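The sequence lines fix the lettering, A, B, ..., with proteins before strands; numbering per chain opens at 1. Not measured: the values here are computed from a predicted model.
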Number of protein chains: 2
Amino acid sequence: MESNNLDVNLANQHDILRSRLNQEGLRLTGPRQKILDLFVMTSEGEHLSAEDIYYQVTTKGEKISYSTIYRALHMMVDLGIMREVELAEGRKYYELRTSLAKQHHHLVCVQCGEVHEFEDHRVTKASQQETLGHGFLLRDCQFTVYGICQTCQLSAI
Amino acid sequence: MESNNLDVNLANQHDILRSRLNQEGLRLTGPRQKILDLFVMTSEGEHLSAEDIYYQVTTKGEKISYSTIYRALHMMVDLGIMREVELAEGRKYYELRTSLAKQHHHLVCVQCGEVHEFEDHRVTKASQQETLGHGFLLRDCQFTVYGICQTCQLSAI
DNA sequence: TTGATTATTGAAAGTTATTTCTAATAGAAA
DNA sequence: TTTCTATTAGAAATAACTTTCAATAATCAA
């Protein structure tokens, strides 16, 4: 669906995003570029919350407001560029969206918050079959496994 | 793990819950009984939020406070009697917990909120394998498929 | 059964992630 | 450029919980 080649350079990413936004009468602004850059530079398996974004931007000496961050995130989710994931309690995390085929899922330690990503074609297939069976149009699916990691098991003597 | 036979009568359910609570130095109080009763009487596939509970209790002319509801829900989740599920945005839903073997998952319409429950042993197996592979102790898993139901597809002409 | 102990309750105040509001700013099309 | 209007920052508002605390009530022991 989306052509999210993470290896094209940032300028290129900006052009792609700009035309995608302009199609919809939206604009590629400075804050939106900064936010996208953070995600492009974030290694796979890492996820950013609004607060993470706020601190990463302001730590560089630049300014941004939370309202801008939230609006940009929602916009990119609506456009299908990003995905909202539920990892820890009480806040939302975001990641760049990849195609359905290489959709990944999350294994989360409920104590320390450690997150592993994994792929499982059975899960992907299950989501497709289930939507088909009920006449639904598939939008997204989230498979999150909660457990306690080895480190936390040991430290809970 | 838990013996949640939904067909035993309420008085029996209360006795079971009471001894379970007393084991931990906790008490079975009026509000807790009312909340449990709502869940026992709720048909499968339905889920209750704190607000749902508040309205169902107060509509009967009885009183309850949100703090009591939230405290009771957390307690029952901690005891493994209930499960917290993420269905719609912005709030949490709760359901009685069944054994891992017959763990079910959710197909949600992102427009109207319609929820279907389904079981899929492949998903259950995937969660077990993934936790095992990383040395995690499995606590729970949530598989939620988001889509648009047939009715909403048609009404979006 | 009765009283002592202490978990639990309701009401109100507090918290926190997110959203809305508004005047000022700045992309993009002409 | 200039015009049009999407977007911004910052502050105020919201919504879903959570905490606090004095009053109440479930349980245990006698």
Want to settle it: does Ser65(B) or Arg71(A) sit nearer the 5' end of DNA chain C, counting the closest nucleotide to each?
Ser65(B)
If you measure from the Lys or Arg side-chain nitrogens to the Asp or Glu carboxylate oxygens, is any gap between Lys92(A) and Glu86(A) under 4.0 Å?
no
Distances under 3.5 Å between nitrogen or oxygen atoms of protein and nucleotides 12-17 of chain C:
from, atom 1, to, atom 2, distance (Å)
dA17(C), OP1, Arg91(A), NH2, 2.5

Can you list the steps and then say if Lys34(A) with Asp37(A) is a salt bridge (charged side-chain N to carboxylate O under 4.0 Å, His left out)?
CA-CA 5 Å; Lys34(A) 285 176 202 159; Asp37(A) 292 354; over 6 Å; no
Atom-pair distance ([atom1] on [X]; [atom2] on [N]), nearest Å:
X        : N       : atom1 : atom2 : result
His14(B) : dA26(D) : NE2   : C1'   : 15 Å
Met76(B) : dA7(C)  : CE    : P     : 18 Å
Gln33(A) : dA6(D)  : CD    : C1'   : 15 Å
Lys34(A) : dT7(D)  : NZ    : P     : 16 Å
Gln23(B) : dA26(D) : CD    : C1'   : 17 Å
Leu17(B) : dA26(D) : CG    : P     : 14 Å
Leu21(B) : dC28(D) : CG    : P     : 12 Å

Closest nucleotide of DNA chain D for Lys63(A) versus for Met75(A): which of these residues is on the 5' side?
Met75(A)
Is His74(B) close enough to dC17(D) that one of its side-chain N or O atoms is under 4.0 Å from OP1 or OP2 there?
no
Near-ring test Tyr66(A)/Tyr54(A), centroid separation under 6.0 angstrom:
yes
Taking the six-membered ring for Trp, are the ring centroids of Phe118(B) and His134(A) within less than 6.0 Å of each other?
no
Which residues pass the side-chain hydrogen bond (donor to acceptor under 3.5 Å, both in side chains) test with Glu51(A), sequence neighbours left out?
Arg91(A)
Using the six-membered ring wherever Trp is involved, compare the ring planes of His47(A) and His104(A) and label them parallel, tilted or perpendicular (cut-offs 30° and 60°).
tilted
Heavy-atom check, side chain of Lys63(A) versus side chain of Thr58(A), under 4.5 Å
no
Separation of Thr131(A) OG1 from Leu138(A) CG (nearest 0.5 Å)
4.5 Å
What is the per-nucleotide protein-contact pattern of nucleotides 24-30 of chain C, from the 5' end, where B denotes a base atom under 4.0 Å from a protein heavy atom, S denotes such proximity for sugar-phosphate atoms only, and - denotes neither?
--BBS--
Lys125(B) atom NZ, over 12 foreign heavy atoms within 6.0 Å
no
